[in-house]
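The chains referred to below are lettered A, B, ... by the order of the sequence lines, with proteins before strands, and numbering in each begins at 1.
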Protein chains: 2
Amino acid sequence: MARPRRSHHIPIATVTRLPLYQRVLTEVLRAGQTTISSEELAVLAGVNAAKVRKDLSHLGTFGTRGTGYDPGYLVSQIDHCLGVDRDWPLAVVGVGNLGRALVNSEGFSTRGFRVAALFDVDPEVVGQVVGGMVVRHLDALDRWGTPEDLDASQAGGDPDLPGPARLEIGVIATPAEAAQDVADRLVAAGVGAILDFAPRGLRGPSDIVVRYVDLSMELQVMSFFQSRRHAAWEDRPVPVPVPVPVLGAAGQAGSSGAA
Amino acid sequence: MARPRRSHHIPIATVTRLPLYQRVLTEVLRAGQTTISSEELAVLAGVNAAKVRKDLSHLGTFGTRGTGYDPGYLVSQIDHCLGVDRDWPLAVVGVGNLGRALVNSEGFSTRGFRVAALFDVDPEVVGQVVGGMVVRHLDALDRWGTPEDLDASQAGGDPDLPGPARLEIGVIATPAEAAQDVADRLVAAGVGAILDFAPRGLRGPSDIVVRYVDLSMELQVMSFFQSRRHAAWEDRPVPVPVPVPVLGAAGQAGSSGAA
DNA sequence: CTGTGTGAACTCGTTCACAGCA
DNA sequence: TGCTGTGAACGAGTTCACACAG
């Protein structure tokens, strides 16, 4: 038991659920619970118990038969698998409302992501301190890590921040028109993964990993479901008075859940 | 040809790609292009041509063999399928950075979503005008549409706003602690679909459709890919100089694309 | 001859059911 | 006995390849 698995291929579908388990496990852990069954974890995460077991079995054999899993150990193993136990210096480009929301979000802080740099082009915004970080001009991204950059390095309020490290992940929170230019600069700066909030597909080297989050897409999917709801309503003889079960996510690959 | 299909069951995977096609088609249409092949649409959307054809065939037979599709007609058909041609009054709860970003986002306006109401509990925020809408106190949500609500109705700067209509879709952009309470109130107000940005699963009637968008989840998935990138690097004999192809999305169900 | 529309093959993910260990 | 771990069955979604319409 408790044997981590040598990098067996982990399905993407599983990966997208791991952060969800983390969230649940962290809560369970805070409640002082010392063991958890796949069934319990499943209910809390709003998925099926078999799925939980299969997902976890892809990382290794962490459970104790007849008992369940140790939440603490599970958390550390999932963290390791996701690489969240390492430090991935993050750059956020575009410090408008969305950028600020991201930097200040619970997710950024609670899951150990460290914002290493903020960039914008608006003179109003450049120089502002957001989340304890000075916003730099986008041009500074091009000379990130080079000697000329030293002047701006220690401008942040936090003295224990390390100097400019190689940026690993870039987050694009700019208007759509700027996205491609920003992506090019991020790639040039050595970023290997990009999370893009701008509704625009990106071109670039094929070894760069990109994920898109498009708010209006999500809304349009909601619109679809709402349409069907209304259509279904016309058929129903009685508008059934509802029970109070759990809300699973509507046709989503990763995110879902119920607590 | 051009025969819409009577509500055949449409796969969720297809639905999540339709907004992506819309985005591409709208650009193509703006460029004055009068016809588009599945191949071209596929490249622009960053997916496979067969997938495009299969997806579209689920809505009906809109193409002309030997020629391609009419972008304008396609847009209108997809809009209809998604229900975006109807009006779904939207409520956004939580007008912090994220809420503001959402309300002002291109997606909300360009895809025809109309924000019918904004709610918050912060006295600093209540009464502010955001995106041409007055922010109401959350308590006003409980009496939405009832006679007592009339006083606040015409407070917005925009005189051609219709009166309080039944809210159809709710967007939760509050801190996690508030999410469940807000969800309960939204459901009580008659909302049928909820888009939840708070990292917390929701309980409620099973006929309410919920989709979750969790920023930190996305980041953790990025972290996973970045880990594997680094791991792969150690094996590679040569850090290959990269070509410049298109960036597909990394293991995503819906969102993806390249323009 | 070009490009759609679609059955059929295939791949990936989910669920089942139970063997095996604590 | 109880719950994990997993092969095997199933189902959803993707890709292939080709018949057929313009």
Original post:
Could you give all pairs that pass the side chain to side chain donor-acceptor pair (under 3.5 Å) test and reach residues 168-179 of chain A, with sequence neighbours left out?
Top reply: A:Glu168-B:Gln226, A:Glu168-B:His230
Original post:
Among all residues two or more places apart in sequence or in another chain, which pass the ring-ring contact (aromatic ring centres under 6.0 Å, His included) test with B:His58?
Top reply: B:His8
What's the [atom1]-[atom2] distance between [X] and [N], to the nearest Å?
| X | N | atom1 | atom2 | answer |
| --- | --- | --- | --- | --- |
| B:His58 | C:dT6 | NE2 | C1' | 10 Å |
| B:Lys51 | C:dC10 | NZ | C1' | 14 Å |
| B:Arg17 | D:dA12 | CZ | C1' | 12 Å |

**OP:** Could you give me the CA-CA distance, side-chain angles and deciding distance for B:Asp79 and B:Gln22, then say whether side chain to side chain contact (heavy atoms under 4.5 Å, CB included) is met?
**Re:** CA-CA 8 Å; B:Asp79 269 354; B:Gln22 287 294 53; 2.6 Å; yes
Subject >> Stepwise side chain to side chain contact (heavy atoms under 4.5 Å, CB included) test for B:Leu102 and B:Phe197 >> reply: CA-CA 11 Å; B:Leu102 290 169; B:Phe197 285 87; 3.8 Å; yes
**OP:** Give, ordered by number, those residues of residues 75-84 of chain B having at least one heavy-atom distance below 4.0 Å to an atom of DNA chain C; if nothing qualifies, reply none.
**Re:** none
Original post:
At what angle, to 10 degrees, do the two end axes of the helix from C:dC1-D:dG22 to C:dA22-D:dT1 meet, given five pairs define each axis?
Top reply: 10°
Original post:
Once each nucleotide of nucleotides 2-10 of chain D is scored for protein heavy atoms under 4.0 Å, what B/S/- sequence comes out, 5' to 3'?
Top reply: BBBBBBB--
**OP:** Without swapping roles, check the side chain of A:Trp88 against the backbone of A:Gly83 for a donor-acceptor pair under 3.5 Å.
**Re:** yes
**OP:** For B:Gln33 and B:Glu40, run side chain to side chain contact (heavy atoms under 4.5 Å, CB included): C-alpha distance rounded to whole Å, both residues' side-chain angles, the deciding distance at 0.1 Å, then the answer.
**Re:** CA-CA 12 Å; B:Gln33 198 168 327; B:Glu40 190 178 359; 2.9 Å; yes
Subject >> Residue-phosphate contact under 4.0 Å: A:Asn48 side-chain N/O, C:dT15 OP1/OP2 >> reply: yes
Subject >> All side chain to side chain contact (heavy atoms under 4.5 Å, CB included) counterparts of A:Ile12, not counting sequence neighbours >> reply: A:Thr16, B:Phe225
**OP:** Take B:Asp184 and B:Arg203 through the salt bridge (Lys or Arg N to Asp or Glu O under 4.0 Å) test and state the conclusion after the steps.
**Re:** CA-CA 8 Å; B:Asp184 293 340; B:Arg203 284 180 175 281; over 6 Å; no
**OP:** Could you go through the salt bridge (Lys or Arg N to Asp or Glu O under 4.0 Å) check for A:Arg185 and A:Asp181 one step at a time?
**Re:** CA-CA 6 Å; A:Arg185 296 191 194 210; A:Asp181 175 49; 3.3 Å; yes
Original post:
Does a side-chain N-to-carboxylate-O contact under 4.0 Å join A:Glu39 and A:Arg53?
Top reply: no
Subject >> Chi angles and distances behind the side chain to side chain contact (heavy atoms under 4.5 Å, CB included) call for B:Thr64, B:Tyr69 >> reply: CA-CA 6 Å; B:Thr64 308; B:Tyr69 301 89; over 6 Å; no
Original post:
Out of C:dT14, C:dG13, D:dG13, which nucleotide sits closest to the side chain of B:Ile12?
Top reply: D:dG13
